[in-house]
Amino acid sequence: MTSRLQSARQTDSVFHTEDLNIYYGNFLAVRDLSIDIAKNSITAFIGPSGCGKSTVLRCFNRLNDLIKSFHIKGKIYYHDQDLYASEIDPVEVRRQVGMVFQKPNPFPKSIYDNIAFGPRLLGYKGDMDELVEQSLKQAALWDDVKDKLKAFGTDLSGGQQQRLCIARAIAVQPDVILMDEPCSALDPISTLKIEDLLQELKEKYTIMIVTHNMQQASRASDYTAFFNVEANSKGQRTGYVVEYDRTEAIFQSPKEQATQAYVSGRFG
Amino acid sequence: MASTTDHSSPMNRKRSAATRLIDDGFVWGTTAIAIAVGLLLAVIALQVGEDALPAIQKFGLGFLVSNRWSVIDGEFGALTQIYGTLVTSFIALLIAVPIGVGVAIFLSEDFLPPRIKQPIVFLVELLAAIPSVVYGLWGIFVLIPFLSPIGIWLNANLGWIPLFSTAPAGPGIYAAGLVLAIMILPIIAAISRDAMVAVPAELRQAAYGLGATRWETIFQILLPAGFSGIAGGVMLALGRAMGETMAVTMLIGNSNTIDSFSILSQGSTVSSLLANQFAEAGGLQVSALMYAALVLFGLTLVVNVLAEIVVRRFSLKL
Ligand SMILES: Nc1ncnc2c1ncn2[C@@H]1O[C@H](COP(=O)(O)OP(=O)(O)OP(=O)(O)O)[C@@H](O)[C@H]1O
Ligand SMILES: [Mg+2]
């Protein structure tokens, strides 16, 4: 981890975007995004399919850099540093901003090696066994797997795999964790476990989560951004934030008609 | 089922007898073909074994450890050829595996824009289509003149290493090994590339998401995940190298005795021996050649079984 990226960890807002426009080639996927993400909070992104929630999320750890046609206009600041400045190394960004994906994607390695993968990359010198145990405990998976750490991560059930992926993400002790519909493949009980987990994790981390589950957003998050999508004159369907506020406000007293319609399930 | 078809629905939910017949026929047909392949293999092995029987009875297992191949004395041993087969194949793998896997990495990642990448992929695959006699000619007229000074230097300076203990005399084991390397390179590259491309994109993203660099992702995630496919390609290539006849016969020097471990010396392989001697052979010699063929058969089998074990042991579940 670089001193450059670590230096400014103290500020209250972790991310701050200014007039962010996100493009895939000529296609404007998301426009005019200006939001602040508060430290040690859970921010939910909700909105209809294709409105650019995943696109926005993946800007924050520069994972979109893997897509050739991707580029942005405007600014994203991470603790007051321009995240897309040329001297910022995306690999270092991803070491501070972890990600959990929609589909559980454990490595075809042992449970232990899945967790140890990230710390090893960072040259972790401490007690690896302890770190693995602690990460699995934080992800509420320890009791399920403590006797079979050598078993393949890919042999776990879907819900266990997803918790393994969460444990893997927190093992590197990131600053922020991005979650793209982490519960979409899970049963209600696993989902609740993960929501409980989020509440514990936010003591230490800042969490941003994309979800299609309204209850989940209202139960688990502190802030909610409602995205919508609108076709422009050229027929491009561009996403934008309709309303961004405290979660209670979004769900109980939204200012916009569209938000009201969406959160109450009368959308379309 | 009956109740669903009673609906006055416009859809026909019943499978016609014809489609059932086609399905069943397909199952039986493929089973029959699979059995036929096995039978064919068994018949060939039996035939070769039967023809080899006189030599097997006369020389026994001593055939495998004797390096004397004398038509005049009627004494036959295939050690020279077994050694030649293994060493040329080993040299070929030693060179072709790292390069082939390297090419596969290069062509499976986005180092190059597709416009440039596609032609290269095509060219690599074209290497596999060059007839082996052409490789042989190229070896004689280009590679051997090029290698000779290198061989002389190796012998002069590193001659104390048994591998370089003889002065090169044009063709030899090393030249055959090198051409084999070029011949099997496209097999390894193409199959390894397919194996790497087939690794799910999610794994790649997971690795990048944890802050792995491109190279960490390739070496710690993609290569292990593609291991069984890559190993399969290497095995296929090894089989090809062990059985390759024409190019090797043109380049190895076809010496039927071996008196050193030097890769600079001339030698022969089982298949080059067969190609050289079969036309004029008679009597016990034919039987000895058949025995040698059987040994090659066995060698390939052993290598494949070993490879299968290795792959089972180390391959990762996706
Ligand atoms: N790699 C890409 N190249 C080009 N366009 C893309 C790419 N990824 C996404 N898009 C486009 O960007 C828009 C937003 O997609 P995104 O995946 O961010 O939506 P989303 O809000 O996450 O939807 P969902 O809820 O279905 O996951 C869509 O129109 C999509 O077609
Ligand atoms: Mg999405």
Side-chain angles (χ1 to χ4, degrees), chain A residues 1-2 5 54 57-58 60-68 89-110 113-123 151-156 161 164-165 167-175 177-180, chain B residues 101 104-121 191-192 194-233 310-318:
Chain A
M1 300 186 208
T2 63
L5 277 169
S54 302
L57 198 70
R58 295 155 58 96
F60 291 113
N61 66 345
R62 295 197 54 173
L63 205 59
N64 280 333
D65 287 28
L66 302 181
I67 298 165
K68 280 258 149 68
D89 180 354
V91 171
E92 288 174 4
V93 172
R94 294 179 205 130
R95 290 175 177 189
Q96 305 248 11
V97 183
M99 179 143 195
V100 176
F101 297 82
Q102 173 170 5
K103 203 174 138 202
N105 55 358
F107 298 127
K109 298 173 180 283
S110 72
D113 287 340
N114 262 282
I115 311 284
F117 181 83
R120 281 180 186 145
L121 288 180
L122 305 185
F152 264 72
T154 34
D155 285 345
L156 296 172
Q161 286 188 21
L164 178 63
C165 292
R168 182 176 67 185
I170 56 190
V172 293
Q173 294 168 352
D175 184 25
I177 302 175
L178 310 175
M179 299 185 165
D180 194 349
Chain B
V101 174
I105 291 172
F106 190 68
L107 295 178
S108 63
E109 288 284 304
D110 55 354
F111 290 109
L112 296 172
R115 246 176 326 112
I116 304 176
K117 193 159 77 180
Q118 276 315 318
I120 297 181
V121 171
I191 297 181
S192 304
D194 290 347
M196 307 251 311
V197 168
V199 174
E202 289 87 28
L203 289 185
R204 204 180 282 258
Q205 303 221 336
Y208 281 121
L210 283 165
T213 62
R214 185 201 282 274
W215 292 108
E216 287 161 345
T217 305
I218 290 172
F219 283 106
Q220 297 183 30
I221 302 300
L222 301 185
L223 281 181
F227 178 81
S228 60
I230 294 171
V310 171
V311 170
R312 289 251 173 96
R313 176 77 185 68
F314 290 105
S315 70
L316 304 168
K317 292 174 236 173
L318 285 184

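Every chain is numbered from 1, with letters handed out A, B, ... down the list of sequences.
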Trainee: Roughly how far, to the nearest 0.5 Å, is the CZ atom of Arg120(A) from the CD atom of Glu216(B)?
Mentor: 13.0 Å
Trainee: Sort Val97(A) into side chain, backbone, both or neither according to what part of it lies under 4.5 angstrom from a heavy atom of chain B.
Mentor: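 The answer is the backbone of Val97(A).
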Trainee: With Phe101(A), which residues qualify under ring-ring contact (aromatic ring centres under 6.0 Å, His included), at least two apart?
Mentor: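 Expected list: none.
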Trainee: Heavy-atom cut-off 4.5 Å, strictly under: side chain, backbone, both or neither for Pro104(A) against chain B?
Mentor: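 No part of it gets close to chain B.
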Trainee: Tell me if the NZ atom of Lys103(A) is crowded by more than 12 foreign heavy atoms within 6.0 Å.
Mentor: no
Trainee: With chain B as the partner, which of Asn105(A), Leu178(A), Val100(A) has the greatest number of non-hydrogen pairs under 4.5 Å?
Mentor: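 Highest number of heavy-atom pairs under 4.5 Å: Asn105(A).
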Trainee: Of all the heavy-atom pairs spanning Phe117(A) and Ile221(B), show the shortest one and how long it is.
Mentor: CE1-CD1, 3.6 Å
Trainee: Of all residues at least two apart in sequence or in a different chain, which pass the ring-ring contact (aromatic ring centres under 6.0 Å, His included) check with Phe111(B)?
Mentor: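 By the ring-ring contact (aromatic ring centres under 6.0 Å, His included) rule, Phe111(B) matches Phe106(B), Trp215(B).
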Trainee: Can you sort out the partners of Pro90(A) under side-chain contact (heavy atoms from CB on, under 4.5 Å), two or more places apart, ordered by chain and number?
Mentor: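 side-chain contact (heavy atoms from CB on, under 4.5 Å) list for Pro90(A), sorted by chain: Arg62(A), Asp65(A), Arg94(A).
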Trainee: Just to be sure I understand the criterion: a residue of residues 206-213 of chain B counts if one of its heavy atoms is under 4.5 Å from a heavy atom of chain A. Which ones qualify?
Mentor: Ala206(B), Ala207(B), Tyr208(B), Gly209(B), Leu210(B), Gly211(B), Ala212(B), Thr213(B)
Trainee: Nearest 0.5 Å, please: how far is CZ in Arg214(B) from CG in Leu66(A)?
Mentor: 8.5 Å
